[in-house]
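Right, one structure below, let's go through it.
Heavy atoms only: backbone and side chains are in, while hydrogens, waters and symmetry mates are out. Just so you know, these numbers come straight off a predicted model, no measurement behind them.
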Amino acid sequence: MTTAPPRPGPPPPGSGAGPSPDDPLKGLPLTARQLDVLHRIAQGQSWQQIGRDLGLTVGGVGSHSKQILRKLGAQTSAHAVFLACASGILDPTRRHGDHAGFAAHRYYGEEPCEACWEGERAYRRERRAARKATQDSSEIRTS
């Protein structure tokens with residue numbers, strides 16, 4: 001006899017785990033700050049990194065994280081990211097924090113997030129350094 005693989009998602013009602021079905025926050029849209037925190041969680045940043053980047057305390061990040069979990073009906077941060085991707089809140093194909101993320105924001109007509117601006121700046125610094133190294137090496141060969 002074979003059994004079906006477990007299906008990810010919120011626990012069945014009455015299982016005692018996760019938020020109760022009558023949770024007043026469940027299903028409410030996430031605020032812009034909560035979305036920013038969720039994006040950073042999805043990128044694997046720690047609460048300390050998120051707090052440093054957003055000017056929040058670790059407790060403040062934890063508070064946002066708790067609200068995200070309740071609104072999505074998630075049990076863990078990983079579960080929240082999964083549910084956000086499955087529901088379209090997060091786009092799993094889009095990158096953030098690098099040149100590709102910056103370009104994706106521009107493509108969709110959005111103002112790039114701070115992480116993507118930082119990634120774009122780093123990308124441009126690397127490209128300038130590579131061009132300079134190429135110039136320097138060609139000047140040495142011609143001398």
Side-chain angles (χ1 to χ4, degrees), residues 4-143:
R7 290 181 31 187
S15 70
S20 67
D22 57 341
D23 188 341
L25 293 180
K26 187 169 180 180
L28 291 178
L30 299 176
T31 66
R33 179 65 100 183
Q34 290 167 344
L35 281 172
D36 199 8
V37 169
L38 183 59
H39 279 284
R40 292 166 188 274
I41 290 170
Q43 293 170 1
Q45 289 187 357
S46 69
W47 285 7
Q48 290 81 8
Q49 290 171 313
I50 295 169
R52 190 173 43 251
D53 292 348
L54 299 180
L56 298 170
T57 64
V58 172
V61 175
S63 177
H64 284 299
S65 180
K66 187 184 294 187
Q67 295 298 311
I68 292 165
L69 296 180
R70 285 185 66 194
K71 286 183 177 185
L72 295 178
Q75 298 168 358
T76 64
S77 294
H79 190 209
V81 169
F82 171 79
L83 292 174
C85 288
S87 66
I89 295 171
L90 289 179
D91 183 352
T93 62
R94 289 185 59 190
R95 294 170 54 177
H96 284 281
D98 60 7
H99 172 68
F102 180 87
H105 280 295
R106 292 297 191 177
Y107 177 81
Y108 289 107
E110 304 167 348
E111 179 62 27
C113 64
E114 187 56 37
C116 289
W117 270 113
E118 243 347 277
E120 181 66 10
R121 288 183 198 107
Y123 171 79
R124 290 178 183 182
R125 280 191 301 271
E126 290 169 11
R127 297 304 311 143
R128 276 193 301 270
R131 281 193 303 273
K132 181 151 178 52
T134 302
Q135 278 180 336
D136 291 346
S137 68
S138 66
E139 288 174 5
I140 292 171
R141 279 188 243 136
T142 60
S143 299

Report the distance from atom CG of Leu83 to atom CD1 of Ile68, rounding to the nearest 0.5 Å.
-> 12.5 Å
Heavy atoms, side chains only, cut-off 4.5 Å: are Arg121 and Phe102 in contact?
-> no
What pair of heavy atoms forms the shortest contact from Val58 to Gln48, and how long is it?
-> CG2-CG, 4.0 Å
Please determine which of Glu114, Glu118, Arg40 meets the side chain to side chain contact (heavy atoms under 4.5 Å, CB included) test together with Asp53.
-> Arg40
Any side-chain heavy-atom pair of Leu54 and Arg33 under 4.5 Å | yes
So how far is it from Thr31 OG1 to Gln67 CD, rounded to the nearest 0.5 Å?
-> 9.0 Å
Do the non-hydrogen side-chain atoms of Ile89 and Gln34 ever get within less than 4.5 Å of each other?
-> no
Distance-minimising heavy-atom pair for Gly73 and His79 = O-CE1, 4.1 Å
Can any side-chain N or O of Ser65 pair as donor or acceptor with the backbone N or O of Val61 at less than 3.5 Å?
-> no
Once you round to the nearest 0.5 Å, how far does CD of Glu111 lie from CH2 of Trp117?
-> 6.0 Å
Closest approach of Thr76 to Leu69 (non-hydrogen atoms, all atoms of both residues) | O-CD2, 3.2 Å
State the CG-CG distance between Leu72 and Leu38, to the nearest 0.5 angstrom.
-> 6.5 Å
Measure the spacing between CD1 of Ile50 and CD of Gln43 and express it to the nearest 0.5 Å.
-> 8.5 Å
So CD of Glu126 and CZ of Arg124: to nearest 0.5 Å the spacing works out to 12.5 Å
Under the side chain to side chain contact (heavy atoms under 4.5 Å, CB included) rule, what do His64 and Trp47 come out as? Steps first, then yes or no, please.
-> CA-CA 10 Å; His64 284 299; Trp47 285 7; over 6 Å; no
